[in-house]
Amino acid sequence: MLDWYDAHARDLPWRVPPQSGENADPYRIWLSEIMLQQTTVVTVKAYFERFTARWPTVHALAAEEDAEVMGEWAGLGYYARARNLLKCARAVVAEHGGQFPQTEAQLLTLPGVGPYTAAAVASIAFQQPAAVMDGNIERVMARLFAVDDPLPGSKPALKEHATRLTPMARSGDHAQALMDLGATICTPKSPACGICPLMRACAARKAGIAAELPRKAPKKPKPTRQGYVYVARRADGAILLETRAEKGLLGGMLAFPTSDWSQTPTEAPPFAADWHDPGLEVRHTFTHFHLRLALRLAEATLDTSPQRGEFMPRALFKPSSLPTLMRKAYNLSETRDDSG
DNA sequence: AATCCGGGGAG
DNA sequence: CTCCCAGGATT
């Protein structure tokens, strides 16, 4: 596995080439691993470049305003990660003297750092012999050992296999090799078994069932919720926005006011006005439900005082700092700004 | 153990 | 459109 990695390791912005003699920067490893939770490498790259250009060290990140970090994270999803990212950076500065702790157990105590991230940082940044488990490695183990039981029940067995295979030396490179393998060869669909370095050892390939593994428990259908989203513009171009509550969906993110989201939502405009119905709808799918928000538009005057949110001056408003659902609403409101 | 958290790409 | 992918916190 390590020989294959030395020859085929992907060139990634947070990665130090194998055998280069350089040490990985724990801050960059940690940041990349948080971003890579439930998120693909291709999506993470641009965000990682922007974050590290703007905040090169954990000290710089820890000292930043919440709204700035949340805005930079916008579009990446799972916004609890961004909230915990800041909490973690501040904990590292305040409680660890600005140095990331080096053991799996210590890393596990940090906000937003779970079993995957703790093992990844410990092994990749600190050369500790930790067994990393992510979706890619689960898939590789399921095939290598032909584990036929469905996820998530088979997780403990897969973890045991991965632990046994983890070497004492270069465990970080070993983990990155398995993740690269899962991303490029041992893929979810149509795995390229013919060029796989584990071809001869793979039990699933011998049984001809590689593409069928890992088996998964059936997923439950997503319900549809509905509601209203309110986009208000003032004569001077300012736009009405609010910061959502810390907990819950899109927590801590900039957003347009909305009604509740349910089967039978009730209108809940942020201020009394002649709200116009342009007959447009924002559609978005979250992890566990579909959402349809009917667009409502209004012109505000300079003395309008909304019950929710604040008018943000046009010069300060960046659509890129909105989560995707709200960016869809903004784009929709822009498509018909010519007439009423 | 089950549920809550986005978003993007493939088909 | 409908899948499919991919960790951590909370309860």
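Side chains included, hydrogens not; waters and symmetry mates left out as well; all remaining heavy atoms used. Note on naming: letters A, B, ... go to the chains in the order of the sequence lines (proteins, then strands), and numbering restarts at 1 for each one.
- Atom CD of A/Glu68 sits in a crowded spot, with more than 12 heavy atoms from other residues, nucleotides or ligands closer than 6.0 Å.
- Not one side-chain nitrogen or oxygen of A/Thr43 sits closer than 4.0 Å to the OP1 or OP2 atom of B/dG7.
- Contact check on A/Arg215 versus A/Asp148 returns a salt bridge, with a Lys/Arg side-chain nitrogen under 4.0 Å from an Asp/Glu carboxylate oxygen.
- As judged by a 4.0 angstrom heavy-atom cut-off over every strand, A/Tyr78 is placed among the base-contacting residues.
- Taking a 4.0 Å limit (strictly below) on heavy-atom distances, residues 189-199 of chain A does not reach DNA chain B anywhere.
- Between the side chains of A/Trp261 and A/Thr258, at least one donor N or O sits under 3.5 Å from an acceptor N or O.
- Minimum atom distance to the side chain of A/Tyr116 is reached by C/dG7, of the listed B/dT3, C/dG7, C/dC4.
- Within a 6.0 Å sphere centred on CG of A/Asp277, heavy atoms belonging to other residues, nucleotides or ligands number more than 12.
- Here A/Gln38 lies in heavy-atom contact (under 4.0 Å) with a base.
- Defined by atom type and a distance below 3.5 Å, a donor-acceptor pair is present between the side-chain atoms of A/Asn136 and A/Arg139.
- A/Thr39 comes within contact range of at least one nucleobase, with a heavy-atom separation under 4.0 Å.
- Among the atoms of the strands shown, only primed sugar atoms or phosphate atoms (P, OP1, OP2) are found under 4.0 Å from some heavy atom of A/Gly248.
- Using a 3.5 Å distance cut-off with no hydrogens or angles, the side chains of A/Ser171 and A/Gln128 do not pair a donor with an acceptor.
- Between A/Tyr230 and A/Trp275, the two ring planes are perpendicular [angle over 60°; tilted spans 30° to 60°].
- If you check every strand for non-hydrogen atoms under 4.0 Å, A/Leu250 touches sugar and phosphate atoms only.
- Of the candidates C/dA9, B/dG7, B/dC5, B/dC5 carries the atom nearest the A/His288 side chain, counting heavy atoms from C-beta on.
- Contacts with DNA chain C (heavy atom under 4.0 Å) in residues 135-152 of chain A: A/Gly135, A/Asn136, A/Arg139, listed by number.
- Among B/dG8, C/dA9, C/dC5, the nucleotide with an atom closest to any side-chain atom of A/Thr324 is B/dG8.
- Backbone-only contact: A/Arg283 has heavy atoms under 4.0 Å from sugar-phosphate atoms and none from a base.
- Counting any heavy atom pair closer than 4.0 Å across all strands shown, A/Thr40 reaches no nucleic acid atom.
- Checked against a 6.0 Å centroid threshold, the rings of A/Phe286 and A/His284 count as neighbours.
- Between the side chains of A/Arg15 and A/Ser32, no donor N or O sits under 3.5 Å from an acceptor N or O.
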